[in-house]
Amino acid sequence: MQPNGLIRIAVQKAGRLLEGSLGLLRQMGLEIETYKDRLFAHCRNLPVDVLFLRDDDIPEYVQDGVADMGIIGSNLLEETGVVVDRLLSLNFGFCSLCLAVPEQSRITSVPQLNGKRIATSYPATLQRYLDRQGIAAKVVVLRGSVEIAPALQIAEAVCDLVSTGSTLRTHGLKILATVLHSQAVLVARQKLNGEKRALMERLLLRARGVEEARKYRYVMFNIAADAVEAVKRFLPGCKSPTVVPLAEPGYVAVHTMLLEETFWEVVERISSCGGTDIIVTPVEKFLR
Ligand code: PRP
Ligand code: ZN
């Protein structure tokens, strides 16, 4: 079997981004079957192949057209400086690029890194940070397993990605400073055209729909009809809330979309205006 879809989407084959990436693709309606150790999967209902690659290789592959789209950490875009279209921030895969030292190290602040060696897979981002801070340290480039560099006495500090922090803890390292924040982003090769461009745009519309939906909750509640004007003032809704009469005269049901971040505040106000039977559901897709 070979990849033969119109569009190839590259995702991380193992690690921080895999679960979120597959979850997004599935919510975008792509029916993909994944098998352990397979390097790609066909999509059953669209001409799309999903390639499973090392995350660090994905930016170049998308730039060079080996893949048409990809899901990667924004940290890699910063580091590699590849020329790709950044389509959408995906709100998962949050992590930070951090400077860390062994717990018992005498280094306790960034300026003390002057003249020291720092191991990293992110030399460009680290060097820019050191230059901004006016620190002259030696950057030791490692492709992987950066966290063991202090134990091997290759470096006094490391600069590596921290997500849950478990890699650092396991290796007895503590964070000194954060160099960069990162999250997963959807990218595409520049200048896609024809059928590929059309399919990429369909996929992007779907991804936006999934992303937009995650920010909202759908809320329904019952309230006395004469209290509707009062609640309407603090209900953002999309355009305005939907108000439906109930069988019981003088009462209505109000339906509206609420932003997750303001949700509790608004629900409390609904309740204080006499709203009852408040039902909240997640929104699966939301296309504006
Ligand atoms: C990064 C980093 C650490 C790990 C940190 O690896 O190099 O190994 O994630 O995560 P934690 O704080 O949850 O332990 P990445 O996912 O980029 O995989 P790679 O090293 O194979 O490229
Ligand atoms: Zn990586």
Side-chain angles (χ1 to χ4, degrees), residues 8-25 34-41 50-64 66-67 69-82 84 86 89-103 105 113 117-130 137 139-187:
R8 294 176 183 175
I9 304 180
V11 301
Q12 186 185 31
K13 70 168 182 250
R16 281 171 301 116
L17 302 177
L18 177 63
E19 201 182 315
S21 303
L22 288 176
L24 171 68
L25 296 178
T34 53
Y35 302 100
K36 212 171 173 296
D37 302 330
R38 275 265 298 277
L39 294 181
F40 74 93
V50 180
L51 308 186
F52 298 97
L53 302 171
R54 254 198 93 209
D55 65 332
D56 310 55
D57 296 332
I58 296 176
E60 275 86 6
Y61 278 172
V62 174
Q63 174 182 256
D64 301 345
V66 177
M69 299 174 78
I71 297 175
I72 52 175
S74 55
N75 58 300
L76 283 175
L77 289 183
E78 297 270 343
E79 175 63 25
T80 57
V82 290
V84 295
R86 183 177 171 149
S89 295
L90 297 173
N91 288 304
F92 68 87
F94 289 100
C95 61
S96 310
L97 185 64
C98 293
L99 282 164
V101 291
E103 263 153 28
S105 169
L113 291 171
R117 297 165 301 170
I118 309 172
T120 190
S121 308
Y122 297 87
T125 313
L126 173 59
Q127 192 60 60
R128 279 197 296 270
Y129 175 85
L130 293 173
V139 175
V140 180
V141 183
L142 297 180
R143 288 283 303 217
S145 306
V146 168
E147 58 279 357
I148 60 168
L152 298 179
Q153 282 147 22
I154 300 169
E156 288 73 37
V158 301
C159 176
D160 199 11
L161 283 188
V162 181
S163 166
T164 61
S166 98
T167 306
L168 286 194
R169 271 193 302 280
T170 310
H171 294 86
L173 301 170
K174 63 175 181 197
I175 295 175
L176 267 192
T178 298
V179 172
L180 184 90
H181 294 285
S182 172
Q183 65 167 293
V185 291
L186 181 65
V187 297

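All of these numbers come straight from a predicted model, not from anything done at the bench. In each ligand, atom 1 is the first atom listed, and ligand 1 is the first ligand listed.
Scanning all protein heavy atoms for the shortest distance to atom 18 (O) of ligand 1 gives Q12 NE2, 3.8 Å. Of the protein's non-hydrogen atoms, L161 O, 3.3 Å is the one closest to atom 5 (C) of ligand 1. The protein atom (non-hydrogen) at minimum distance from atom 4 (C) of ligand 1 is T167 OG1, 3.8 Å. Annotation: atom 17 (O) of ligand 1 to nearest protein heavy atom, R16 NH2, 2.8 Å.
Of the listed options I72, D55, L17, D55 places a heavy atom closest to atom 19 (P) of ligand 1.
Of the N or O atoms in G165, one or more lie within a sub-3.5 Å distance of an N or O in ligand 1. Taking distance alone, with nitrogen or oxygen atoms compared against 3.5 Å, D56 approaches ligand 1 more closely than that limit. Taking only nitrogen or oxygen atoms, main chain and side chain alike, T164 reaches within less than 3.5 Å of ligand 1.
Residue contacts with ligand 1 leave out G144, since none of its heavy atoms falls under 4.0 Å from the ligand.
The backbone N or O of V141 lies less than 3.5 Å from no partner atom in the side chain of T120, so there is not a single donor-acceptor pair. A donor-acceptor contact shorter than 3.5 Å links the side chain of Q12 to the backbone of L17. Without hydrogens or angle criteria, E147 side chain to L168 main chain gives no donor-acceptor distance under 3.5 Å. Side chain of E103 to main chain of K174: no donor-acceptor pair is present (N/O by atom type, distance under 3.5 Å, no hydrogens or angles). A side-chain donor-acceptor contact under 3.5 Å links S74 to the backbone of Q183.
Restricting D56 to its N/O/S atoms, the shortest distance to the Zn ion (ligand 2) is reached by OD1.
In the vicinity of S163, heavy-atom distances shorter than 4.0 Å reach the ligand 1 atoms 10 (O), 11 (P), 12 (O), 13 (O). For ligand 1, the atoms lying closer than 4.0 Å to a non-hydrogen atom of R54 are 22 (O).
At a heavy-atom cutoff of 4.0 Å, ligand 1 is contacted by no atom of L168, backbone or side chain.
The nearest pair of heavy atoms linking A137 to I118 is CB-CD1, 3.8 Å. For the pair A10 and L53, the tightest heavy-atom approach, listed with the atom from each and the gap, is CB-CD1, 3.8 Å. Considering every non-hydrogen atom in both S21 and I71, the closest pair reads OG-CG2, 3.4 Å.
Put simply, the side chain of L161 reaches to within 4.5 Å of the side chain of Y122, judged on heavy atoms.
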